[in-house]
Amino acid sequence: MIDDLDLGFDEPERGEKGRHRRSFVRKRNGGSGSGGRGKTFLALLMALLLLGGIGGGAFYGFDRIQNYFVTPDYDGSGSGEITVEIKNGALLADMADALVAADVVKSQKAFIEAAEANSRSKNIQPGTYKLRKQMSGASAVTAMLDLKNKIVNGLTIPEGRTSMNIYKLLSEKTKIPVKDFQAAAKDPEALGVPDWWFKRDDGKKVVKSIEGFLYPDTYEIPPKATAESILKLMVDNFLSVTGEMKFADRVQKERKVSPYEALIVSSLAQAEAGNKDDLGKVARVAYNRVYGEFPCNCLEMDVTVNYYLESTGQKTKSSKEMTAADMDNPKNPYNRKLPGLVPTPINNPGKQALEGAMNPPVGKWLFFVAIDKQGHSEFAETPEQHERNKAKAREAGII
């Protein structure tokens with residue numbers, strides 16, 4: 001009676017949903033269905049009982065096969081305490097894998113089925129959770145939806161901070177020495193920056209720096225994080241954001257510059273624009289000065305001087321405080337009078353600054369000056385227009 005029975009186990013389905021489902025198909029004379037599945041299971045059970053004389057091995061085999069039909073799961077809310085990290089972008093299957101590895105749940109299937117039965121499971125956030133070992137799938141889902149179990153160790157990195165400043169912020173939060181971050185940052189490619197990001201089309205020497213790639217955002221710092229793992233997290237975020245924006249493709253196609261040059265321009269706009277409305281216009285000025293008809297084809301921006309001062313351990317200065325020696329130091333590779341763009345970005349720009357450099361408004365502006373206390377600037381094409389704008393700024397007490 002059992003000779004014509006063909007019990008087939010299909011390969012796991014793929015895809016975002018299918019990745020955590022295994023399909024079981026009973027194949028008998030071309031038929032299928034839930035009723036057939038129950039009969040198949042009964043026939044299998046009877047066959048194993050009839051073959052009981054084979055010994056315990058038959059029942060061991062039955063126990064293994066039974067797991068295909070009964071979800072392996074723990075009972076109750078578990079015991080002890082363990083921390084589990086859920087990474088950014090994790091799907092249910094990824095979460096389940098992390099929980100199984102930590103022995104929080106008994107099987108991937110137990111967690112996934114419990115999550116699919118709970119409409120709130122879509123609210124489970126990436127981060128680190130305090131959980132218990134050997135929890136039922138449903139208990140694990142409930143625990144992860146309770147924010148009391150989420151270890152909050154967040155840190156916000158503001159837009160436009162230099163890498164040196166970011167290391168200090170990270171060190172204060174994590175107690176990891178600044179020197180550890182400096183050491184980890186010496187090799188940007190080891191932190192995940194692709195080598196093609198450091199290619200330039202302007203003939204300037206390539207300087208591989210982490211500056212510009214530490215994306216400003218709010219980060220959850222895992223309890224056992226290292227300087228290297230934190231910087232990798234920030235670089236990965238930068239690559240995700242710029243990838244979604246198609247930043248590299250668009251600046252090469254539309255601006256005719258390399259992605260690294262556009263990243264430098266983004267950082268200049270982030271540093272110079274006193275208002276988000278002006279980020280794109282400042283980027284346009286930078287492009288016009290370096291690649292246009294500006295007499296020296298130089299940036300003439302004080303912010304590049306300040307970056308050099310900070311990177312060499314000196315005190316930064318306002319424009320009024322800067323001397324001629326500060327602004328035109330021949331030893332300064334970020335000298336504002338040197339033709340072309342500076343060697344590296346001068347800070348870590350946010351998304352709006354990146355957008356401004358990727359798609360700046362059309363204009364022939366070569367000059368700008370802040371004219372109000374909200375940071376708005378007036379832009380000019382000629383020195384004469386610029387002088388009139390500077391007069392406005394003086395009247396407003398800005399300069």
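Since we're looking at a predicted model, the values are computed, not measured.
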Does any N or O in the side chain of [X] come within less than 3.5 Å of the main-chain N or O of [Y], such that one atom is a donor and the other an acceptor?
X: Arg394; Y: Ile399; value: no
X: Asn149; Y: Ala143; value: yes
X: Lys204; Y: Val342; value: no

Name all pairs fulfilling the salt bridge (Lys or Arg N to Asp or Glu O under 4.0 Å) condition that reach into residues 131-160, sequence neighbours left out, sorted by first residue then second.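 Output for this query lists Lys150-Glu220.
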Counting only heavy atoms not in [X] (residues, nucleotides, ligands), do more than 12 fall under 6.0 Å from its [atom1]?
X: Lys173; atom1: NZ; value: yes
X: Asp195; atom1: CG; value: yes
X: Lys320; atom1: NZ; value: no

Can you tell me how far the CD atom of Glu272 sits from the CZ atom of Phe368, to the nearest 0.5 Å?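 Separation between the atoms: 4.0 Å.
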If we only count heavy atoms from C-beta on, is the [X] to [Y] side-chain gap below 4.5 Å?
X: Ser258; Y: Lys199; result: no
X: Ser266; Y: Phe247; result: yes
X: Pro360; Y: Lys281; result: no

Name of the residue among Glu211, Glu310, Gln182, Lys168 meeting side-chain hydrogen bond (donor to acceptor under 3.5 Å, both in side chains) with Ser163: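 For Ser163, the side-chain hydrogen bond (donor to acceptor under 3.5 Å, both in side chains) test succeeds with only one of Glu211, Glu310, Gln182, Lys168, which is Glu211.
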Is there a donor in the side chain of [X] and an acceptor in the side chain of [Y], or the other way round, less than 3.5 Å apart?
X: Asn332; Y: Tyr307; result: no
X: Ser267; Y: Gln270; result: no
X: Asp302; Y: Ser319; result: yes

List the steps and the verdict of salt bridge (Lys or Arg N to Asp or Glu O under 4.0 Å) for Lys87 and Asp94. CA-CA 9 Å; Lys87 297 186 181 298; Asp94 301 316; over 6 Å; no
Looking only at the aromatic ring of each residue, does the gap between the centers of Trp196 and Tyr260 stay below 6.0 angstrom?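 Centroid distance Tyr260-Trp196: not below 6.0 Å, so no.
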Would you say Val265 and Phe294 are hydrophobically clustered, going by side-chain heavy atoms of ILVMFWY under 4.5 Å?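 They do not share one cluster, since no chain of ILVMFWY contacts under 4.5 Å joins Val265 to Phe294.
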Distance-only check: which donor-acceptor pairs under 3.5 Å involve side-chain atoms of residues 225-242, not counting sequence neighbours?
residue: Thr226; atom: OG1; partner: Ser229; partner atom: N; Å: 3.1
residue: Thr226; atom: OG1; partner: Ser229; partner atom: OG; Å: 3.3
residue: Ser229; atom: OG; partner: Thr226; partner atom: N; Å: 2.8
residue: Ser229; atom: OG; partner: Thr226; partner atom: O; Å: 3.0
residue: Asn237; atom: ND2; partner: Asp217; partner atom: OD2; Å: 3.0
residue: Asn237; atom: ND2; partner: Tyr219; partner atom: OH; Å: 3.0
residue: Ser240; atom: OG; partner: Asp236; partner atom: O; Å: 3.0
residue: Thr242; atom: OG1; partner: Phe238; partner atom: O; Å: 2.8
residue: Thr242; atom: OG1; partner: Leu239; partner atom: O; Å: 3.4

Given salt bridge (Lys or Arg N to Asp or Glu O under 4.0 Å), test Arg200 with Glu261 step by step and report yes or no. CA-CA 7 Å; Arg200 300 182 66 147; Glu261 292 165 67; 5.3 Å; no
Lys392/Glu395 under salt bridge (Lys or Arg N to Asp or Glu O under 4.0 Å): CA gap, chis, key distance, verdict: CA-CA 5 Å; Lys392 290 183 185 179; Glu395 288 176 15; over 6 Å; no
Residue pair Tyr334, Thr344: steps toward the side chain to side chain donor-acceptor pair (under 3.5 Å) verdict: CA-CA 9 Å; Tyr334 294 83; Thr344 70; 2.7 Å; yes
Would you call the rings of His386 and Phe367 parallel, tilted or perpendicular if under 30° counts as parallel and over 60° as perpendicular?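 His386 and Phe367: parallel rings.
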